[in-house]
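Working notes, structure below.
What you see is a predicted model; the values in this text were computed from it and never measured.
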Amino acid sequence: MATRSDMEEIASLLSIQTSASDAIFLDGDLGAGKTCFSRGFIRSRSGYTGRITSPTYLLCNTAGDGEIIRHLDLY
């Protein structure tokens with residue numbers, strides 16, 4: 001992707017095609033854009049407007065104003 005905004009837009013488009021029971025697994029090096037993707041997906045899917053960060057040290061972040069989305073770091 002050329003920019004962070006591009007990554008978030010792709011994720012937003014994908015979020016429209018998913019259902020509440022779907023799980024999406026992202027794999028990539030540090031700085032590959034996994035958190036940017038997650039941010040776009042979470043904001044589009046749930047309407048959450050708060051801060052979305054990588055769960056690297058927390059292992060799991062929960063976001064969502066309506067629909068709850070869990071963003072996990074599995075390694």
If you look only at distance, which donor and acceptor atoms sit under 3.5 Å apart when one is on a side chain in residues 31-39 and the other is two or more places apart or in another chain?
| unit_1 | atom_1 | unit_2 | atom_2 | d |
| --- | --- | --- | --- | --- |
| K34 | NZ | G28 | O | 2.9 |
| K34 | NZ | D29 | O | 2.9 |
| S38 | OG | K34 | O | 2.9 |
| S38 | OG | H71 | NE2 | 3.3 |
| R39 | NH1 | E8 | OE2 | 3.1 |
| R39 | NH2 | I52 | O | 3.4 |

I24 reachable from L13 in the ILVMFWY side-chain graph, under 4.5 Å edges
no

Just jot down the side-chain hydrogen bond (donor to acceptor under 3.5 Å, both in side chains) partners of D22, sequence neighbours excluded, or say none.
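Partners of D22 under the side-chain hydrogen bond (donor to acceptor under 3.5 Å, both in side chains) test: S19.
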
Name all residues meeting the side-chain hydrogen bond (donor to acceptor under 3.5 Å, both in side chains) criterion together with R45; count only those two or more places apart in sequence or in a different chain, and write none if there are none.
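Testing R45 for side-chain hydrogen bond (donor to acceptor under 3.5 Å, both in side chains), a comparison that skips the adjacent residues, returns T18, E67.
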
Run the side-chain contact (heavy atoms from CB on, under 4.5 Å) test against S44 and tell me which residues pass, sequence neighbours left out.
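S44: side-chain contact (heavy atoms from CB on, under 4.5 Å) contacts with S12, S15.
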
Is it true that atom CD1 of I16 has more than 12 heavy atoms of other residues, nucleotides or ligands lying nearer than 6.0 Å?
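More than 12 heavy atoms, drawn from other residues, nucleotides or ligands, come within 6.0 Å of this atom.
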
